[in-house]
Amino acid sequence: MIGLVDCNNFYVSCERVFNHKLNGRPVGIMSNNDGCIIARSEELKALGIEMGTPAHLVRHLVERGEIVLHSSNYELYGDMSHRVQGILERETAGVEPYSIDEMFVRMDGFEPEALLEHAKSLHRMIRRGTGIPVCVGVAATHTLAKLANRIAKKHPGYPGVCILHAESDEARHLLQQIKVSDVWGVGRRLNERLQILGINTAWDLREADAKRLRRKFSVNMERTVLELRGISCLEMNDFNEPRQRIMTSRSFGRPTSQLCDLQGAVRQHAQRGAEKLREQKSLARAVLVFLKTDRFRPDLPQYSPSLAVEMERPSQDTRDILHAAQEALRKIYRPKYGYKKAGVMLIDLTDESRQQLSLMETPQTEEERQRSQKLMATMDALNEKMGKGTVRLGLPEKNAPWHLRCANRSPRYTTNWDELMVAYTDEGAAQKNKANKLC
DNA sequence: TGGGAAGCT
DNA sequence: AGCTTCC
């Protein structure tokens, strides 16, 4: 059996662990640049504020003190996510993180009653160990485990935990109540097309002709049907395969037309991309850079170029990647546009073990490669130990227009020595905590 | 008026 | 390359 542990309103729950004043209040967390609302407490949902609402549309509610909006604090959420993962690693036979707030776990070899107890104890232990409320869904396949989790979240009869046995009457009854659009892999478009075929519920989809749907849609649709029947088509390992491309991009706090600003942003992204590349032990052959103007300003001239530059050989060295990225940027840059976003994509990835096979290398290049590896390992180790961005290429820039806007971010309570929780009241400390709220 | 990734067409 | 899907 497969369990899916999903944290409730994860970002809001993380904030609440450290700020009890947020309990019981309508709280939302905003995306990067404080753009739109990407996480909501139950109280905020009850006010009818939808996922993805632009933050400026509810500014008046914030000013009147009726709702609270926080900038997102990914360091905090990432750390809390690791804590949840740590407990699951200790308590289960295997964990597959799927997203920052969802983890699949192996739950094989339990008798039915012991299985329920095990799921309940995970639910309890995570709450106690981290302060984060979670729901646990258990079933024979990933797709059913997702549905079981949904039932645990929404169905009053299954408070926090739901075990779904594929062939049971109970499962049939529950699947008949779930809209097909709530099935994993069925988005807006597929939902419309399925409705036309008279497939409205998760049960309808389960009972549909898998081969026919494969012809009409794709192999993934057939997989979904089989998974709903309890036939596993996804392996646990499918979720931590190395990425086939790595993208880092970000919108700017303010638009800019200056090449040097874009160079700063691209430099940052190239370095972050190279770190991710080394994390998954890959090499990139080419680096693609893209720029975008503000698509919400049709009154201004639009320009969204992109260019891929190939490197001499596949590399994971920040310097090679940065060099290629800057070359690409120089070639696509045109002055007189107000750029709002820049990004770097690492493409044509291969496994780093392939690098060792090049027998034709001269001793110089072999030595160079080892130096590169040592340098990168040292940089990564320092940044791991001392905090992100401790060692990097290029000068730090204050107030660059491409820097993120995040006006109301909570302290990085668990990952930054200067922002630890203050446990006693003292004016100086309170001041300090306040000052730390600024980015 | 977000960011990141994958797969299909 | 653009669209869809996921979170």
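All of these numbers come straight from a predicted model, not from anything done at the bench. Numbered from 1 within each chain, the chains take letters A, B, ... in sequence-line order.
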task = Pick base, sugar-phosphate or nothing for A:L57, based on heavy-atom distances below 4.0 Å to the nucleic acid.
result = nothing

request  = For the pair A:E102 and A:K146, find out whether any cationic side-chain nitrogen is under 4.0 Å from an anionic carboxylate oxygen.
outcome  = yes

Listed once per pair and sorted, the salt bridge (Lys or Arg N to Asp or Glu O under 4.0 Å) pairs that draw on residues 223-237 of chain A, sequence neighbours left out = none

query = Taking 4.0 angstrom as the limit, do A:E279 and A:K276 come out as a salt bridge?
reply = no

Identify each donor-acceptor pair in which a side-chain atom of residues 254-266 of chain A lies under 3.5 Å from a protein atom, sequence neighbours left out, and give them as a table.
from, atom 1, to, atom 2, distance (Å)
A:T256, OG1, A:Q258, N, 3.1
A:T256, OG1, A:D261, OD2, 2.6

inquiry  = Check this for me: does any side-chain nitrogen of one of A:K211 and A:D209 sit under 4.0 Å from a carboxylate oxygen of the other?
reply    = no

message = I'd like the P distance from B:dT1 over to C:dC7, given in whole Å.
response = 24 Å

request  = Find which nucleotide of DNA chain B each of A:F217 and A:R245 is nearest to by heavy atoms, and output the residue with the more 5' nucleotide.
outcome  = A:R245

query = Are A:E275 and A:R272 close enough for a salt bridge, meaning some N to O gap below 4.0 Å?
reply = yes

inquiry  = Check this for me: does any side-chain nitrogen of one of A:E63 and A:R59 sit under 4.0 Å from a carboxylate oxygen of the other?
reply    = no

message = Just to be sure I understand the rule, does A:T53 reach a base, reach only the sugar-phosphate, or reach nothing, if contact means heavy atoms closer than 4.0 Å?
response = nothing

task = Would you mind listing every ring-ring contact (aromatic ring centres under 6.0 Å, His included) that reaches into residues 266-297 of chain A, with sequence neighbours excluded?
result = none

task = Run the salt-bridge test on A:R150 and A:D182 with the 4.0 Å N-O cut-off and return the result as yes or no.
result = yes

message = Heavy atoms within less than 4.0 Å of DNA chain B: which residues of residues 176-202 of chain A have one? Give them sorted by number.
response = none

key: A:Y333/A:Y303 aromatic ring centres below 6.0 Å   = no

ask   = Mind checking which nucleotides bracket the chain A contacts on DNA chain B, 5' to 3', with an atom under 4.0 Å from a heavy atom?
value = B:dT1 to B:dT9

inquiry  = Contact list please: residues 285-297 of chain A against DNA chain B, heavy atoms, distance less than 4.0 Å, in numerical order.
reply    = A:R295, A:F296

